[in-house]
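Each remark here refers to the structure printed beneath this line.
Throughout, numbering of the chain's residues begins at 1 and tracks the sequence. Note: hydrogens, waters and symmetry copies are ignored here, and every other heavy atom, side chains too, is used.
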Amino acid sequence: KGETPALRQRKAYISERPEGELKTYKRSGQQYFEDWDGIYLGQQSGAANIIFGENNKVYLENVIYQINSGRWTEGTLSEDGKTITIAPGQIVEDYGGYVYDEELEDYISIEGQLMLTMMKIAVTEEGYNTFVPDPDTPITYTIDGDVIRLNNTEVDKEILGIIYTNYDEKYGLNGTWYGGGDFGTTYTLFNDTPLTLPDGAEPQAYSMSSKNLYTEEIETRLVQVAFCGNDVYMGNFTEALPDAWVKGTIEGDKITFPSKQFIGNAYGYLCYFMGATYEMVPSEWGEGFDVSYTLADAFVFDFDAETKAMKASKENTAFMASSGDNTTISFNSYNNPVMSPYVEKAATPAEPIIDGIYDYYELEGDYCISFRVQKMDVDGNYINPDLLSFILYVDGQPYTFDAEKYELEEDMTEIPFTYSGSSFFVMGDWSSIYLQEEKFEKIGIQAIYRGGGEERRSEINEFIYDGINSLKADKLNGKRFNLQGVQVDENYKGIVIQNGKKFLAK
């Protein structure tokens, strides 16, 4: 299936950015994607990066909209500079999945790749629509000034798609449609640039707290603020674009930050600062609630000129690092934020929170510990995560992570809050450790903070693993449990687990 000469090139994608002139485009068009019960139409959006290299080479990043992994696909620019041609048969992504093996009578993991080709619509023997390879139709784009358009595609007829390849032949996947593809793709040159901090504006650290609407917890982070006359600049408010800045204006006791300030290109998206309002609405799943955001023209802070502190001017307002200038899908959202100048000092860190211990894929010796080392002290004040670390206790004793077992450069007992050197550690506001031990009864976590030239430690929060076993056994009997696996009554306020689901009890 699909093994025509045009599809035998199997030229690999390019992982590293190629040499050449990088141009950013705004992407539009439509896409097909296959779901459980049919084929659906969706919109393309976001950013598209194209590099024009030497010898008429052109490189398109994320050539298929559905594969947003930062891979580059090579093409050739015509001598007149008006056409880009891509050879079919190029690999755009490695891809693993699960199939049912009739011999083994079980689902097994398989690995292969996804290959680029034009595809035309077809009808299966069962009578439903799909797409089949059409490598004889060339993959070309027409360049018309600042606009680049994908050729030879049309709704319900032809798409630029991807097929499975390099899988075990007995599963019959090779040459079949992966379930995604594009048509009408249009790239329009995007020349906006992010704001830069002006000369004379001196950034200073601010602690910012905001409300997690699902847990009602206060979350904190360190941002940067600079004043220049009546202009106020804010930066480092999103990990996606830590160097981005936005500008607000002081008017009396208010600071107004307009929406739709472009902050950069990240992960295939043209990102913007957006103000918003929010409300809590019943969950579409029938239990609990969801947060519904509505975009606003600006975000407004109340401003104390004496202390330089800022807080949301109105309740139920937020600002976000959005993935577009007309969407509430964001990298970060901050609800009812409060900001004040940060001064490092000695502090006792708050006790860590342990969410649970899970037998990962029910395999002995691989347990997921979900926890949170809070970026605040015992009084609720922000503390610098760069000076924060923790120790894991197993059955009451400090645990040393073996370098070989946990992919470390050396054995470690104390783990920095910002550590990222091992796949066994997933660090962030909520963190996970994949513990490689077969037997234990009790897990503890202690936070350590070295601010103001002093070392201070939190209390050790301990979690009994037997409590999780009891929780699993009772998960369908209607009882409520807190995140530590302890049964609570109907008057308990906070996150609870009932009938295997987590929600906020009010």
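Geometrically, K23 engages F52 in a cation-pi contact, judged by NZ or CZ lying under 6.0 Å from the ring centre and within 45° of the ring axis.
The two residues P88 and I139 make their nearest non-hydrogen contact at CA-CD1, 4.0 Å. In terms of heavy-atom proximity, T153 sits nearest to M118 at CG2-CE, 3.8 Å. Scanning all heavy atoms of the two residues, the minimum distance from M274 to S322 falls at CG-CB, 3.7 Å. Nearest heavy-atom pair, F417 versus P385, reported as atom, atom and distance to 0.1 Å: CD2-CB, 3.5 Å. Closest non-hydrogen pair, L270 versus G46, comes out as CD1-O, 3.9 Å. Considering all non-hydrogen atoms of both residues, P416 and F390 come closest at O-CE2, 4.4 Å.
A donor-acceptor pair shorter than 3.5 Å cannot be found between the side chains of T277 and N316. Side-chain contact check for N236 and Q224: no donor-acceptor pair (N or O, by modelled atom type) lies under 3.5 Å. Between the side chains of Y65 and S45, at least one donor-acceptor pair of N or O atoms lies under 3.5 Å.
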Q.
Using side chain to side chain contact (heavy atoms under 4.5 Å, CB included), reason through T220 and Y342 one step at a time and then give a plain yes or no.
A. CA-CA 12 Å; T220 57; Y342 171 72; over 6 Å; no

Q.
Would Y32 and F183 count as a ring-ring contact (aromatic ring centres under 6.0 Å, His included) here? Give the steps.
A. CA-CA 8 Å; Y32 278 107; F183 67 94; 5.3 Å; yes

Q | Chi angles and distances behind the side chain to side chain contact (heavy atoms under 4.5 Å, CB included) call for I121, E158 | A | CA-CA 6 Å; I121 200 164; E158 191 96 8; over 6 Å; no

Q) Where do E217 and R372 land on the salt bridge (Lys or Arg N to Asp or Glu O under 4.0 Å) test, with the steps shown first? A) CA-CA 12 Å; E217 294 178 348; R372 181 181 181 188; 2.2 Å; yes

Q: Begin from the C-alpha positions of W245 and Y233 and carry the test ring-ring contact (aromatic ring centres under 6.0 Å, His included) through to its verdict.
A: CA-CA 6 Å; W245 291 91; Y233 297 85; 7.0 Å; no

Q: Report the C-alpha separation of Y278 and T328 in whole Å, then their side-chain angles, then the decisive distance to 0.1 Å, and conclude whether the side chain to side chain contact (heavy atoms under 4.5 Å, CB included) test is met.
A: CA-CA 10 Å; Y278 66 84; T328 59; over 6 Å; no

Q. Given F425 and Y434, is the ring-ring contact (aromatic ring centres under 6.0 Å, His included) satisfied, shown in steps?
A. CA-CA 7 Å; F425 300 83; Y434 295 94; 9.3 Å; no

Q: For the pair S313 and K254, evaluate side-chain hydrogen bond (donor to acceptor under 3.5 Å, both in side chains) and give the outcome as yes or no after the intermediate values.
A: CA-CA 8 Å; S313 183; K254 309 289 184 186; 3.1 Å; yes

(Q) Set out, in order, the CA-CA distance, both residues' side-chain angles and the distance that settles side chain to side chain contact (heavy atoms under 4.5 Å, CB included) for L41 and Q31, then state yes or no. (A) CA-CA 6 Å; L41 281 174; Q31 61 157 332; over 6 Å; no

Q. Are T137 and N152 close enough, and set up right, to give a side-chain hydrogen bond (donor to acceptor under 3.5 Å, both in side chains), and what steps lead you there?
A. CA-CA 8 Å; T137 297; N152 304 320; over 6 Å; no

Q: Please lay out, stage by stage, how N151 and T142 fare under the test side-chain hydrogen bond (donor to acceptor under 3.5 Å, both in side chains).
A: CA-CA 7 Å; N151 299 321; T142 296; 3.0 Å; yes

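Note that the OG atom of S370 and the CH2 atom of W430 stand 6.0 Å from one another [nearest 0.5 Å]. The OG1 atom of T117 lies 10.0 Å from the CD1 atom of I159; values are rounded to the nearest 0.5 Å. Here CH2 of W177 is found 5.5 Å from OG1 of T130. Values are rounded to the nearest 0.5 Å. Rounded to the nearest 0.5 angstrom, Q44 CD and K26 NZ are separated by 13.5 Å. Distance check, rounded to the nearest 0.5 Å: CD of E34 to OH of Y178 gives 10.5 Å. Taking CD of Q30 as the reference point, atom CD of Q43 lies at 4.5 Å (rounded to 0.5 Å).
Listed for the Y25 side chain is no donor-acceptor partner under 3.5 Å among the backbone atoms of N49. Proximity of a side-chain donor or acceptor of T327 to a complementary backbone N or O of G324 within less than 3.5 Å is not detected. Side-chain atoms of K120 do not come within 3.5 Å of backbone N or O of D134 as any donor-acceptor pair. Side chain of N336 to backbone of T317: a donor-acceptor contact under 3.5 angstrom is found. D290 places no side-chain N or O within donor-acceptor distance of the main-chain N or O of M280, the cut-off being under 3.5 Å. In this structure a side-chain-to-backbone donor-acceptor pair under 3.5 Å is missing from R221 to S210. Formation of a donor-acceptor pair under 3.5 Å by the N332 side chain with backbone atoms of M320 is not found in this model. Formation of a donor-acceptor pair under 3.5 Å by the N62 side chain with backbone atoms of S69 is found in this model. Of the possible polar contacts, none joining the D144 side chain to the V147 backbone as a donor-acceptor pair under 3.5 Å is found. Judged by distance alone, the side chain of D379 and the main-chain N or O of N381 form no donor-acceptor pair under 3.5 Å.
The distance between the ring centers of Y107 and Y98 does not fall below 6.0 angstrom.
For the pair D182 and R27, the salt-bridge criterion is met [side-chain N within less than 4.0 Å of a carboxylate O]. In summary, R71 and E93 engage in a salt bridge, as defined by a charged side-chain N under 4.0 Å from a carboxylate O. With respect to K57 and E19, no salt bridge is recorded, no charged nitrogen being found less than 4.0 Å from a carboxylate O.
Counting heavy-atom neighbours within 6.0 Å of N129 CG, excluding the residue itself, gives a total above 12. Other residues, nucleotides and ligands place more than 12 heavy atoms under 6.0 Å from the CZ atom of F33. Within 6.0 Å of CD on E344 lie more than 12 heavy atoms contributed by other residues, nucleotides or ligands. Counting non-hydrogen atoms of neighbouring residues, nucleotides and ligands closer than 6.0 angstrom, the NZ atom of K311 reaches no more than 12 such neighbours. For Y269, the OH atom is loosely surrounded, since the number of other residues' heavy atoms within 6.0 Å does not exceed 12. Heavy-atom contacts from other residues, nucleotides or ligands closer than 6.0 Å to CG of L189 number more than 12.
The side-chain heavy atoms of F190 and D146, taken from C-beta on, include no pair separated by under 4.5 Å. Under the 4.5 Å side-chain criterion, counting only non-hydrogen atoms from C-beta, N265 is in contact with T24. For the pair C271/F331, a side-chain contact is recorded, criterion being any heavy-atom separation below 4.5 Å from C-beta on.
Using cut-offs of 30° and 60° on the angle between ring planes, the pair F319 and F299 is perpendicular. Using the six-membered ring where Trp is involved, Y164 and Y95 have ring planes that are tilted, between 30° and 60° apart. Taking the six-membered ring where the residue is Trp, Y206 and F227 present tilted rings, their angle falling between 30° and 60°. Between F257 and F273, the ring planes are tilted. Angles from 30° to 60° get that label.
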